[in-house]
There are 2 protein chains.
Amino acid sequence: MTRAMAETRRTVQKDAVRRALDDAAGFVSAQRLHDLLTGGGEPVGLATVYRQLGALAEAGQVDTIALAGERLYRACTSGEHHHHLVCENCGKAEDIALPSEDWIRAIAAEHGYTVAAHVLEVYGLCPACAALSS
Amino acid sequence: MTRAMAETRRTVQKDAVRRALDDAAGFVSAQRLHDLLTGGGEPVGLATVYRQLGALAEAGQVDTIALAGERLYRACTSGEHHHHLVCENCGKAEDIALPSEDWIRAIAAEHGYTVAAHVLEVYGLCPACAALSS
DNA sequence: ATGCGTGCAAACGATTTGCAGAGAA
DNA sequence: TTCTCTGCAAATCGTTTGCACGCAT
């Protein structure tokens, strides 16, 4: 008899993608990740990168931000809820936590809404880039 | 002699796009806007919709949010800064204002960042949809 | 009359998917 | 062996662009 269960197998590619994602400090596009892997002697198919990224995102193990035309991914070591402070110039990103998110629920409640999720992205210049444009 | 100046002509399509955008309560994709226009007896080319949307966005007359795979636009009547409370079920959206956004700057400052802009979208269920799923 | 704006369709870039073969369990 | 995962390439999807014509000025 057969067991009906969706299993997830461990493969070289999976680890490679995961590792490359960890190595990349900030957010990277699927394509760029693919380049890094290929260039780094880890021949992983582009489709596989997309599939892994998609899986990881769904599993909540990576953060995703949608930029015009493409999606960027970033390793999310902890499953904790947090937001991002992204440098518009160099793309570097910092994780930031909100002091309190109660006001979100409060405002939503005023409108009769039930909050399911929220997205917050803060864009600006990191210290280094701010210094350059001085 | 000729005058060298980029002029902007008033056309039926421009007005149509602008109007359709105003009528749409929440965020709409370029494609959907095109459908609305076409369906509403305003035969506007899809390319034109994109061009207008792009122009309006650049002129700061519309808000834009990048969602996975597509961009959504929304009329920005006033140049005022505000955020959105979007119903995940029916797509309706409410404008919401933050009680204070100082904490954003404060947190950014802790990381040495200069804040240029920020995006906040809250997703949930509007009163009507919440009632249905009770 | 002049030249910007439009429409159509081809071009594009990012992401997804079908299918046959490779490898994990 | 069995069945998931990978690779490749073709297929999608949203968006952009080249070109010839119409219309606003």
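Note: hydrogens, waters and symmetry copies are ignored here, and every other heavy atom, side chains too, is used. Just so you know, these numbers come straight off a predicted model, no measurement behind them. In what follows, chains are A, B, ... by sequence order, proteins preceding strands, each numbered from 1.
Helix-axis bend for the helix from C/dA1-D/dT25 to C/dA25-D/dT1: the local axis fitted to the five terminal pairs at one end deviates from that at the other end by 30°, rounded to 10°.
Taking CD of B/Glu70 as the reference point, atom CD of B/Gln31 lies at 7.5 Å (rounded to 0.5 Å). With rounding to the nearest 0.5 Å, the separation of OG1 in A/Thr64 from CD in A/Glu58 is 10.5 Å. Taking OG of A/Ser29 as the reference point, atom CG of A/Leu53 lies at 9.0 Å (rounded to 0.5 Å). The CG atom of B/Leu36 sits 12.5 Å away from the CZ atom of B/Arg19 when rounded to the nearest 0.5 Å.
Rounded to a whole Å, the OH atom of A/Tyr50 is 15 Å from the C1' atom of D/dG7. Separating the NE2 atom of B/His34 from the P atom of C/dC8 is a distance of 8 Å, rounded to the nearest angstrom. Atom CG of A/Leu46 and atom P of D/dC5 are 18 Å apart (whole Å). Distance CD (A/Gln13) to C1' (D/dC8): 14 Å, rounded to an integer number of Å. Rounded to a whole Å, the CZ atom of B/Arg18 is 13 Å from the P atom of C/dT6. In this structure, the CZ atom of A/Arg71 is 12 Å from the P atom of D/dG14, given to the nearest Å. C/dT15 atom P lies 6 Å from atom CD of A/Glu70, rounded to whole Å. Distance, B/Arg32 CZ to D/dG14 P: 13 Å, rounded to whole Å.
For B/Leu72 and A/Pro43, each mapped to the nucleotide of DNA chain D holding its nearest heavy atom, the one lying further toward the 5' end belongs to A/Pro43.
Set against D/dG7, C/dA14, C/dT16, the side chain of A/Thr48 has D/dG7 as its closest nucleotide. Taking only side-chain atoms of B/Ala47, from C-beta outward, the nucleotide of C/dA14, C/dA9, D/dC8 with the closest atom is C/dA9.
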Query raised in the report: So A/Gln52 and A/Tyr73, side-chain hydrogen bond (donor to acceptor under 3.5 Å, both in side chains) or not? Walk me through it.
Result: CA-CA 11 Å; A/Gln52 283 314 319; A/Tyr73 304 82; over 6 Å; no
Requested in this report: Show the numbers, then the answer: is there a side chain to side chain contact (heavy atoms under 4.5 Å, CB included) between A/His83 and A/Val122?
Outcome: CA-CA 8 Å; A/His83 300 282; A/Val122 183; over 6 Å; no
Requested in this report: Please report the C-alpha distance between B/Thr8 and B/Lys14 in whole Å, then the side-chain angles of each, then the deciding distance to 0.1 Å, and finally whether the side-chain hydrogen bond (donor to acceptor under 3.5 Å, both in side chains) criterion is met.
Outcome: CA-CA 10 Å; B/Thr8 173; B/Lys14 264 179 194 165; 3.2 Å; yes
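Using a cutoff of 4.0 Å between basic side-chain nitrogens and carboxylate oxygens, A/Arg74 and A/Asp95 are scored as salt-bridged.
In this model, the phosphate group of D/dT6 is approached by a side-chain N or O of A/Gln52 to a distance below 4.0 Å at OP1 or OP2.
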Report summary line: 5' to 3', nucleotides 19-25 of chain C under a 4.0 Å protein heavy-atom cut-off (B base, S sugar-phosphate only, - none) gives ----BBS
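Side-chain contact between A/Val28 and A/Leu72: absent, with no pair of heavy atoms (C-beta onward) separated by less than 4.5 Å.
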